[in-house]
Number of protein chains: 2
Amino acid sequence: MTVSKTSEKPAEAARGRKDAAEGASEALQLGELSEQLGYVLKRAQLKVFENFLRCMASLQLTPAQFSVLLLVEKNPGRNQTEVASTLGILRPNFVALLDNLESRDLCARIRSTNDRRSHILVLTDKGKAVLARAKKLVATKHEARLNELLGPANRAALLEMLSKIANEF
Amino acid sequence: MTVSKTSEKPAEAARGRKDAAEGASEALQLGELSEQLGYVLKRAQLKVFENFLRCMASLQLTPAQFSVLLLVEKNPGRNQTEVASTLGILRPNFVALLDNLESRDLCARIRSTNDRRSHILVLTDKGKAVLARAKKLVATKHEARLNELLGPANRAALLEMLSKIANEF
DNA sequence: CGATATTTGATATGGTTCATAACAATTATC
DNA sequence: GATAATTGTTATGAACCATATCAAATATCG
């Protein structure tokens, strides 16, 4: 982990007021830390989530909520267990997440007629509309920033390597 | 968000017993999700941390603890504020982390003579020895797995891109 | 059919991580 | 020398993650 969100700008906040005065204690050497995959990965992930939240501020969607809307749109009619486990979310924790989306009228639970235990998930019209706007924001503000920073080819390569790690590590 | 640790194997657990029976409800389509940087990044990060913990099981070191040891070894004589903020850890949260390392005799707090407010951090002999063993474990078990999966060139490219994101996003 | 086991959504609960406010001791500022 | 700022610390709350358990509904199998 090693990193926080709004808190400290890692290498920045290290050298404080002292610098102006006398000793000017220099910045710390990261050393082997900057070669540690986990360290860099975590840092990058926090930055990306931070940026995502800023881009989505107007829609008030977290990465988790966005991923649920995306998945339900692509797979309407699936139940909570299926959607949650596909996202790696535990069913108990998925309940509050859904409560939130449902209370905002973005998503609806419908009792299944086949299996009256399960709740079928679908996006409401508002949910579809909000998701459409969210996609545009992500594309133009968030993912575009990536292309700008890495270039399309590198961006694709990065995604592929991360997928490989996520699936085969 | 989106993913858990020991819990669910995302795409795996989705299709449960039903498959054997009749309808065999198929796996969900990830769709645009697999193109979302944040989603893939988070997944990869969880996998990497999980693997790190397994590799370090014999030494009982978390990624955060390992990063502290690495940083203190490279920068002996710095105080808590400097080390914590370099790692992006808030000072209040750094206290318990240090308490742990100190109670295991891996690291020591020494009252500074210049500024009697601050605690100078150093590794104990045991701390140095444990860190040396940890480095070997990480190199041979953890990072080696990466080279095996991506190849050295790709591994380097990945690290560089992640650093860029972490620093410039 | 009918007893038993399983699945689904939900609740309660505890652990871990992250963030803020406040405090005493010490030092810096002016 | 009075006031402000810094250091380590405590207390505390929010958010996220994980486990056990429950009632309702369904599946399984004798």
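Throughout, a chain's letter reflects where its sequence line sits, starting with A, and its residues are numbered from 1.
In this entry the distance linking CD of Q45(B) with P of dC16(D) reads 15 Å, nearest Å. Per the geometry, CG belonging to D115(B) stands 17 Å off P belonging to dA5(D), to the nearest Å. One atom, CG of L90(A), and another, P of dT13(C), lie 19 Å apart when rounded to the nearest Å. Atom CD1 in I89(A) sits about 16 Å away from atom C1' in dA10(C), given to the nearest Å. Atom pair R91(A):CZ and dC22(D):P shows a separation of 17 Å (rounding to whole Å applied). Spacing between atom CD of E50(B) and atom C1' of dC17(D) amounts to 13 Å, rounded to whole angstrom units. Rounded to a whole Å, the CZ atom of R111(A) is 9 Å from the P atom of dG9(C). Rounded to whole angstrom, the span from the CZ atom of R117(A) across to the P atom of dA5(C) amounts to 16 Å.
Listed candidates were dT7(D), dA11(D), dT11(C). Nearest to the side chain of P92(B) is dA11(D). Comparing dA19(C), dA5(D), dA10(C) by their nearest atom to the side chain of N93(B) picks out dA19(C). The side chain of V95(A) lies closest to dT11(C) when the candidates are dT11(C), dT9(D), dT27(C).
In terms of phosphate contacts, R116(A) brings a side-chain nitrogen or oxygen within less than 4.0 Å of OP1 or OP2 of dA25(D). Listed pair R109(A) / dA10(C) meets the phosphate criterion, a side-chain N or O lying under 4.0 Å from OP1 or OP2. Between T81(B) and dG8(D), a side-chain N or O to OP1/OP2 separation shorter than 4.0 Å is present.
Residues R109(A) and E102(A) form a side-chain contact, since some pair of their non-hydrogen atoms from C-beta on lies under 4.5 Å apart. No side-chain heavy atom of L33(B) sits less than 4.5 Å from a side-chain heavy atom of K74(A).
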Using residues 157-169 of chain B as the side-chain source, report each donor-acceptor pair under 3.5 Å to any protein atom, sequence neighbours left out, with the distance given to one decimal.
from, atom 1, to, atom 2, distance (Å)
S163(B), OG, L159(B), O, 2.9
N167(B), ND2, S163(B), O, 3.0

Using a 3.5 Å cut-off and no angle test, enumerate the donor-acceptor pairs between side-chain atoms of residues 120-130 of chain A and protein atoms at least two apart in sequence or in another chain.
from, atom 1, to, atom 2, distance (Å)
T124(A), OG1, D105(A), O, 2.5
T124(A), OG1, L106(A), O, 3.4
T124(A), OG1, K126(A), N, 3.4
T124(A), OG1, G127(A), N, 2.8
K126(A), NZ, R104(A), O, 3.1

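Remark: side-chain polar atoms of R111(B) are paired, donor with acceptor, to backbone N or O of R116(B) under 3.5 angstrom.
Nucleic acid contact for N114(B): sugar-phosphate only, since backbone atoms but no base atoms lie under 4.0 Å from a heavy atom of the residue.
Take the nearest nucleotide of DNA chain C for S118(A) and for D99(A): the residue whose nucleotide is more 5' is S118(A).
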